[in-house]
Asks: 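Here it is, the structure, as C-alpha cells.
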Amino acid sequence: MDRARRQRVLALLPVCLALAFSLTAVGSSYWCEGTRRVAKPLCQDHPEVLRCIHYSSGSRDNGTQAVQYIWETGDDRFIWRRFHLGLWQSCEESLDSTGEKCRSFQSLIPAEERGVLWLCIGAEVLNILLTLTSAIVLGSGVSYHSSGFHWLKVDASVAILMVLAGLLAMVAHMMYTTIFQITVNVGPEDWKPQTWDYGWSYCLAWGSFALCMVASVTATSRYTAARVELAEKKSVRKGSQLSQHNFQEPESSESVWETEAASSPAGRALVNISEHLPSDAKGKVSVC
C-alpha cells in the first residue's frame, strides 16, 4: 500500500466516527436529562406505589363528615422523578419505579416552534446523508488503485461534503438548544423540569460536528499539497524538455549547412582551410 492510500485510510477514520456519532445521537433520547418535582399520590388511590402520601381519617363530633389527616408537609409531599429527552420523545420514571413513561417531544413544545423542530430534524438527516456520501467516496478511492488526478477529485469532494455536513450539524444543534430552552420556560406545567443538563447524546452530536470539521480541513490540506506537488512536477518536466531542446539545436544547424553545401551548383563548395593556416592566424577563412 503506497503512502497516498495509507493517508486516505487514516482520513476515513474521522468520517466514519462522525457518521456513527450522528446516527447514535439522532436515534437516542438523552440529549437532555434532569429531574422533575411531582406531588405524591394518595396511597389509597395508588396502593401499588411505594412513594405515596399516608394519611389517617377521622370524623367530626356529629360523625357526619370524615376528615383526612396528612402527616407529610413541605417537600415531603413531593417526589423527584428523573427524565430524559431527545429529538423524538421525552421519557420519565413511572410512579411505581418499574419502567418509564414516554411521550412525543413534539407534543410538549409550543405550536409555533414545531416547524423549527422539523427543520432541526431535516438538518440532522442531511448531515447524516452528506457524511455517508463522503465515507462512500473516500472508501471507493481507497479500494481501487487510482491516479494522482483521481485523488485530487476525491479530496476536493470530501472537503466540500464534510464542511457542508458540519455546518448543517451546527445549525441543527443550535436550533434544538433554542427549542428546548423555550419549552422549559413556556412548556406544559406537568412537564417543566426542576433541574436539567445536557446529556451524552448532545455531546455526541457536537463531537460529530467537530469530526466533520477535522475531516474537511484534512481533505483540504491534502488537496492543496497534491496540487502544489503536481505543479512542481509539471514545471520540472517542462524545464527538462527545454534543456533537451537547447542541447539539440546546434546539431540541427550543422545539418542545415551540410544540406546547403550538398545542394549547391557544381564547381562551388565551401572549403574550410583553417587547418592550413599558421597557428598565430586569427579566425577561419572559407573560400568558394
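Index from 1, following the sequence. Please read these numbers as outputs of a predicted model, since none were measured by experiment.
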Asks: Would you please indicate yes or no on a ring centroid separation below 6.0 angstrom for Y198 and W196?
Replies: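 W196 vs Y198: aromatic centres under 6.0 Å.
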Asks: Between T131 and V15, what is the shortest heavy-atom contact and its length?
Replies: CG2-O, 3.6 Å
Asks: Are V184 and M175 connected into the same hydrophobic cluster when the rule is that any two of I, L, V, M, F, W, Y join if their side-chain heavy atoms are below 4.5 Å apart?
Replies: yes
Asks: Mind telling me whether W206 and Y202 have parallel, tilted or perpendicular rings, with 30° and 60° as the class edges?
Replies: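 Rings of Y202 and W206: perpendicular, over 60°.
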Asks: How long is the straight-line distance from OG of S208 back to CG of N127, given to the nearest 0.5 Å?
Replies: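 Those atoms lie 5.0 Å apart.
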Asks: Have a look at I128 and tell me which of V26, T133, L168 forms a side-chain contact (heavy atoms from CB on, under 4.5 Å) with it.
Replies: V26
Asks: About how many Å separate OG of S29 and CD of Q89, when rounded to the nearest 0.5 Å?
Replies: 5.0 Å
Asks: Would you say that S90 contacts L108 through its side chain, given a criterion of any heavy-atom pair below 4.5 Å between the two side chains?
Replies: yes
Asks: What is the minimum heavy-atom distance between F21 and G207, and which atoms define it?
Replies: CD2-C, 4.1 Å
Asks: Are the side chain of S140 and the backbone N or O of V137 linked by a donor-acceptor pair below 3.5 Å?
Replies: yes
Asks: Taking only residues at least two apart or on different chains, which pairs with a member in residues 112-125 satisfy side chain to side chain donor-acceptor pair (under 3.5 Å)?
Replies: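 Checked against side chain to side chain donor-acceptor pair (under 3.5 Å) - neighbours excluded - the pairs reaching residues 112-125 are E124-H173.
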Asks: Determine the minimum heavy-atom distance between F105 and L87, stating which atoms define it.
Replies: CD2-O, 4.1 Å
Asks: Give the cluster check for M174 versus L167: same hydrophobic cluster or not, with ILVMFWY residues linked at side-chain heavy-atom distances below 4.5 Å.
Replies: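 Yes, same cluster.
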Asks: What distance do F209 atom CZ and M170 atom CE have between them, rounded to the nearest 0.5 Å?
Replies: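 F209 atom CZ to M170 atom CE measures 5.5 Å (nearest 0.5 Å).
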Asks: According to salt bridge (Lys or Arg N to Asp or Glu O under 4.0 Å), does anything in residues 187-216 pair up with another residue at least two apart or in another chain? List the pairs.
Replies: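 Listed once each, the pairs are R103-D190, E189-K192.
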Asks: Taking all non-hydrogen atoms of both residues, which atom of G139 and which atom of L12 are closest, and how far apart?
Replies: N-CD1, 4.1 Å
Asks: When rounded to the nearest 0.5 angstrom, what is the spacing between OG1 in T183 and CD1 in I109?
Replies: 5.5 Å
Asks: Between Y223 (side chain only) and T218 (backbone N and O only), is there a donor and an acceptor less than 3.5 Å apart?
Replies: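 Side chain of Y223 to backbone of T218, a donor-acceptor pair under 3.5 Å: no, none is there.
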Asks: Could you see if L17 belongs to whatever hydrophobic cluster contains L23? Use Ile, Leu, Val, Met, Phe, Trp, Tyr and a side-chain cutoff under 4.5 Å.
Replies: no
Asks: Do E92 and R81 sit within salt-bridge range, that is, some charged N less than 4.0 Å from a carboxylate O?
Replies: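 The answer is yes: the pair qualifies as a salt bridge.
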Asks: Would you check if the side chain of S221 reaches a backbone N or O of V217 as a donor-acceptor pair within less than 3.5 Å?
Replies: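 Checked: no pair found.
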Asks: Looking only at heavy atoms, which two atoms of A159 and S216 are closest? And how far apart?
Replies: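 Heavy atoms of A159 and S216 come nearest at O-OG, 3.1 Å.
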Asks: May I ask you to decide if W191's main-chain N or O and R36's side chain share a donor-acceptor pair within less than 3.5 Å?
Replies: yes
Asks: Measuring from F83:CZ to C102:SG, what's the distance to the nearest 0.5 Å?
Replies: 12.5 Å
Asks: Measure the shortest side-chain to side-chain distance between M213 and V163 over non-hydrogen atoms and say whether it is less than 4.5 angstrom.
Replies: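 SC-SC contact between M213 and V163 confirmed.
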Asks: Say whether L13 and L204 are linked into one hydrophobic cluster, either directly or through other cluster members, by side-chain heavy-atom distances under 4.5 angstrom.
Replies: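 Per the 4.5 Å side-chain linkage, L13 and L204 are co-clustered.
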Asks: According to a 4.5 Å side-chain heavy-atom criterion applied to Ile, Leu, Val, Met, Phe, Trp and Tyr, with indirect links allowed, do I121 and L85 form part of one hydrophobic cluster?
Replies: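 Linked, I121 and L85 end up in one cluster.
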Asks: Kindly state whether the ring of F180 and the ring of W31 have centres lying under 6.0 angstrom apart.
Replies: no
Asks: Looking only at heavy atoms, what is the nearest atom pair of S28 and A25, with distance?
Replies: OG-O, 3.2 Å
Asks: Rounded to the nearest 0.5 Å, what separation is found between the CD1 atom of I182 and the CG atom of N185?
Replies: 8.0 Å
